[in-house]
Amino acid sequence: MPNTQTGMSTTSRGATALDEAALLERVAAEEMDAFETLYRVYHPRLKRFIEGMTRQPACVDEVLDDTMLVVWRKAHTYNHDSKVSTWIFAIAYRQTLKALKRRNAILEFGQVEDANAMAPGPDVELQQHELRQYLDDALRTLSAEHRAVIELTYYLGYACREIADIMDCPVDTVKTRMFYARRKLKLVLAARREAI
Amino acid sequence: MIGRVLPFEGSVHVEAERLLPWLVNGTLQNEERGLVEQHLVDCAQCQREVEWLRALQAQAACDDKTTDAADTHQALQCVVL
């Protein structure tokens with residue numbers, strides 16, 4: 001959603017690159033209002049990305065806070081090699097992987113939570129809810145890395161090169177991860193269709 | 001006959017297929033975009049894949065709650081069914 005107060009938009013990447021770099025410099029100088037602005041601008045996209053990558057709603061806020069804490073502490077290390085958004089999402093990606101590692105260790109002997117307790121609605125809504133549920137279940141079978149590539153491509157609209165920067169891996173690895181993510185997603189959905 | 005060395009057809013398909021997600025999200029540039037678009041003209045398999053990937057992207061955008069419910073439903077059906 002466009003932020004009219006700051007003249008920034010969370011949807012048009014690139015156009016705000018200079019503003020964001022200036023904003024991050026102010027964050028590096030420990031200006032709290034600049035940090036609050038950056039937080040507001042990035043909160044929706046980061047939340048969605050972390051949700052999509054973890055598929056564990058309970059840890060989203062924690063990872064988001066961890067990410068913004070690193071942004072606050074490390075803002076002075078931003079060197080303009082990449083766009084601010086790429087730099088921030090790279091932090092979010094690493095923080096999410098870390099959190100999943102911690103959480104998986106805890107959940108190892110427990111049961112993974114089921115966060116889909118939505119009330120059934122009218123027929124069409126129920127059907128839509130079911131479709132969404134099938135897709136969510138299928139996405140849940142992918143690895144966090146595979147889900148990250150999907151989120152970064154389809155929701156956040158990043159180019160392959162930018163995703164490689166965010167995930168700190170070669171471009172070919174991104175292409176390969178996406179290829180296997182697509183294949184597995186299709187296989188799981190096909191198996192589900194046959195089971196219906 | 002001496003001619004240009006053309007990439008093996010199978011390898012073009014493999015590379016184009018791997019790049020399709022970024023054709024769909026509009027970030028593919030120059031040579032890669034040319035390669036994929038040219039390949040798509042004749043490859044029915046990749047054309048179907050593009051349709052599926054477009055639906056996957058559309059349903060991801062639908063999570064914004066800014067799109068029409070019918071569009072969401074259609075995209076989900078295309079992805080899942």
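Sequence lines set the chain letters: A, B, ... in the order given, protein chains first and strands last, and positions in each chain run from 1. A quick note: this is a predicted structure, and the numbers were derived from the prediction, not measured.
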Practice item. Find out if a path of hydrophobic residues (ILVMFWY) with successive side-chain heavy-atom gaps under 4.5 Å connects A:Phe49 to A:Val70. Key: yes
Revision key, fill the gap. Between the CH2 atom in B:Trp52 and the CG atom in A:Leu185, the distance rounded to the nearest 0.5 Å is 4.5 Å
Review point. How long is the gap from CD on A:Gln133 to CG on B:Leu76, to the nearest 0.5 Å?
Key: 11.5 Å
Check your understanding: Quick check: are there more than 12 heavy atoms from other residues, nucleotides or ligands sitting under 6.0 Å from CD of B:Gln38?
Key -> no
Check your understanding: Crowded around A:Arg26 CZ? As in, over 12 foreign heavy atoms under 6.0 Å?
Key -> yes
**Study point:** Contact class of A:Val188 relative to chain B, heavy atoms under 4.5 angstrom
**Key:** neither
Practice item. Group every Ile, Leu, Val, Met, Phe, Trp and Tyr by side-chain heavy-atom contacts under 4.5 Å, then state whether A:Met68 and A:Met32 land in the same group. Key: yes
Check your understanding: Counting only heavy atoms not in A:Asp168, do more than 12 fall under 6.0 Å of its CG?
Key -> no
Check your understanding: Should B:Val41 and B:Leu20 be counted in the same cluster of Ile, Leu, Val, Met, Phe, Trp and Tyr side chains packed under 4.5 Å apart?
Key -> no
Study note, to complete from the structure: Per-residue tally against chain A (heavy atom, under 4.5 Å) across B:Asn25, B:Val79, B:Val24, B:Leu19 peaks at B:Asn25
**Study point:** Closest contact, heavy atoms only, A:Val149 versus B:Trp22
**Key:** CG1-CZ2, 4.4 Å
Review point. Non-hydrogen atoms of chain B under 4.5 Å away: do they reach the side chain of A:Arg182, the backbone, both or neither?
Key: both
Point to revise | Part of B:Gln74 lying under 4.5 Å from any heavy atom of chain A | key: neither
Review point. B:Leu53 versus chain A, heavy atoms under 4.5 Å apart: side chain, backbone, both or neither?
Key: both
Exercise for review: Starting at CD of B:Gln59, measure out to OH of A:Tyr154 and round the result to the nearest 0.5 Å.
Suggested key: 10.5 Å
Point to revise | Atom of A:Phe179, atom of B:Arg18 and distance for their closest heavy-atom approach | key: CD1-CG, 4.0 Å
Review point. A:Ile163 and A:Tyr180: same hydrophobic cluster, using ILVMFWY side-chain contacts below 4.5 Å?
Key: no
Check your understanding: How far does CD of B:Gln77 sit from CG of A:Leu131, to the nearest 0.5 angstrom?
Key -> 6.0 Å
Exercise for review: Flag yes if more than 12 heavy atoms outside A:Lys186 fall under 6.0 Å of its NZ atom; otherwise flag no.
Suggested key: yes
Review point. Same hydrophobic cluster for A:Trp72 and A:Trp87, using side-chain heavy-atom links shorter than 4.5 Å among ILVMFWY?
Key: yes
Check your understanding: Hey, are the side chains of B:Gln29 and A:Arg161 touching, using non-hydrogen atoms and a 4.5 Å cut-off?
Key -> no
**Study point:** salt_bridge(A:Lys175, B:Glu17) N-O dist < 4.0 Å
**Key:** no
Practice item. List the steps and the verdict of side chain to side chain contact (heavy atoms under 4.5 Å, CB included) for A:Arg132 and B:Thr72. Key: CA-CA 10 Å; A:Arg132 170 77 59 200; B:Thr72 312; 3.7 Å; yes
